[in-house]
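In what follows, a structure is listed as structure tokens, so that the remarks can point back to it.
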Amino acid sequence: MAVDRLKQDQYIRNRVLLMHVKCGMMLDARKLFEEMPDRNIVSWNTILAGLVDSGEYREAFGLFLPMWEEYPEGDTRLFATMIRASAGVGLISVGKQLHTCALKIGVGEDIFVSCTLIDMYCKCGSIEDAQLVFDDMPEKTTVGWNSIIAGYALHGYTEEALSMYYEMRDSGAVMDHFTLSIVVRICTRLASRKHAKEAHAVLIRRGFGRDVVASTALVDFYSKWGRIEDARHVFDGMPTKNVISWNALIHGYGNHGRGEEAVEIFVQMIRRGMSPNHVSFLGVLAACSRSGLSEHGWEIFQSMSRDHKVKPRAMHYACMIELLGRQGLLDEAFALIRSAPFKPTLNMWAALLTACRVHQNFELGKLAAEKLYGMEPEKLSNYIVLLNIYNSSGNIKEAAEVVQALRKKGLMMRPACTWIDVNQSSHCFLSGNKSHAQAKEIFQKVDELMAEIRRLGYVPSQEKHLLHDVDEREAQFPFYHSEKLAVAFGLLNTADWTPLEMVQSHRMCNDCHNAMKLITMVSRREVSVRDGSRFHHMKDGNCSCGDYW
DNA sequence: ATAGTCACGT
């Protein structure tokens, strides 16, 4: 009788512990755990999982050995949790050791352990080890597939990730809302709408249309692929929305140059009682800057810490610097940099540099560029920014020196590339590259287009662009930049009036931007170009970016 | 009774 009572108490104490853990009340949870007279394996696992969930990895590792001493036969839950902790700290050596131990004591084959191992190896950078674990799984479970697919996507192996998804589908494995969320994210990074539409259809058919995460992924997808109305439609149909959903839509409107709507959504979000986070502010401030809504921008910037307890970070400052920069208020922008309550960051200098590039202020621009160069000489993007200003100001000698320095450090520069979706398949173009089957026609078409737009007053730039082509000398001039090849290819292979949609790895150069706008006039086509951070919707000779990018 | 995989920004 008394034993039953004790057991019952232990059960209740574990439930109370779990409740605290699930509510994130880790201080109380730890206290409860330490004061427990009768800890069992469940108590240990509960507290450990809680610590890992809240990112307290050090504390979790501190409990690992004491627990193992108490239960030397090992436990699958314990190992799954600790492997998750090593993914959290990003230490593959720790994860490997746990993997070895798990195998030794015979819990390494467990499905949960295998799945966390796959995830851990992916997050720690070894997709090969993850693949080995996956291959060894006697039965490929849904979570196993999800983890390996997400891993490939995480590492930028987008095509591989997509083909693994189809492999999963064909294997008869059950797909869940996790799978489809991952696939939508993969589609977001691919130059094809076909797969995403299919994923969207599967999602609805399988009854995951109401899932917050999958729907948010769709909102992001449609907005990144130029279908902001579709994004809005998905968003409006979501029964529950969280901060991330709102943020996706705010960023979507901002990226489409529709600042008023971004602000409207932002205001609505607050009205509905949702607390904006730093990502929300990033989106709405960037939107204000791009649409020239400087008053809204300043008001929101000031409301951050005043009303919402969100401290402006460097990127928020960078947005405001951009906002000033667009208005040509370069000195004010410089003053804002100096007034920041922290050391100015790269992004802030980069924003100033862009403003200087557009407004042709090379003096301040050079200062910004040198700041950047000095701050993180090992970082590739700094060289690119510096290269940009040298390219833009025609300083080919300095640009070449930057490229030299870059090579010396062994930093790899990826060639500029543009994808275009034509007749449901995606084509990739590299600047100056003649390997495409239609290369001859394409180059000819570019020449024709250039001649046509010259009549509209286009003057080809004489600048050289080392960013585009480090190795191919003949393509150093911007005539055959990847975006020009892609647009020529699109015009050749689609019916009149078909809008052209392209994605590229890099920011368009001035010359391409100019040429592209004029091409929309001579060809009577709409062209949209997306780079890493914005859309250019071009029509009748104008661009949605307002010539500032 | 306790465990694993997903979505927004840089």
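No experiment lies behind these values; they were computed from the predicted model shown. Convention: sequence-line order gives letters A, B, ...; per-chain numbering from 1. For the numbers below, each heavy atom of this structure counts, side chains included, while hydrogens, waters and symmetry mates do not.
Contact of A:Asn242 with B:dA7 (side chain to base): a donor-acceptor pair of N or O atoms is detected under 3.5 Å.
Salt bridge A:Asp38/A:Arg13: present, at least one basic N to carboxylate O contact under 4.0 Å. Ionic pairing of A:Glu198 and A:Lys194 is not present here: no N-O contact between side-chain nitrogen and carboxylate oxygen is shorter than 4.0 angstrom. A salt bridge does not link A:Asp176 with A:Arg206: none of the charged nitrogens is closer than 4.0 Å to a carboxylate oxygen. With respect to the salt-bridge test (charged N to carboxylate O, under 4.0 angstrom), the residues A:Glu299 and A:Arg306 qualify.
Considering only the side chain of A:Ala217, B:dA7 comes nearest among B:dC6, B:dC8, B:dA7. Comparing B:dG9, B:dC8, B:dA1 by their nearest atom to the side chain of A:His251 picks out B:dG9. Proximity note for A:Ala49 (side chain, C-beta onward) versus B:dA3, B:dT5, B:dC6: the nearest is B:dA3. Out of B:dG9, B:dT5, B:dC8, the shortest distance to the side chain of A:Ala248 is found at B:dC8. Distance from the side chain of A:Val212 is smallest to B:dA7 among B:dA1, B:dA7, B:dC6.
Per the geometry, CD1 belonging to A:Ile300 stands 18 Å off P belonging to B:dG9, to the nearest Å. Summarising the geometry, the separation between CG on A:Leu249 and P on B:dA7 is reported as 19 Å, rounded to the nearest angstrom. The CD-C1' distance, from A:Gln10 to B:dT2, rounds to 12 Å in whole Å. In this structure, the NZ atom of A:Lys140 is 22 Å from the P atom of B:dG4, given to the nearest Å.
A:Asn40 comes within 4.0 angstrom of a nucleotide base, judged by non-hydrogen atoms across all strands. Across all strands shown, A:Ser245 has no heavy atoms under 4.0 Å from either base or sugar-phosphate atoms. Using a 4.0 Å heavy-atom distance criterion, A:Asp220 is classed as a sugar-phosphate-only contact.
In this structure, A:Lys22 reaches the B:dA3 phosphate: one of its side-chain N or O atoms is under 4.0 Å from OP1 or OP2.
An aromatic stacking contact links A:Phe112 with the base of B:dA3, defined here by ring centres under 5.5 Å apart and ring planes under 30° from parallel.
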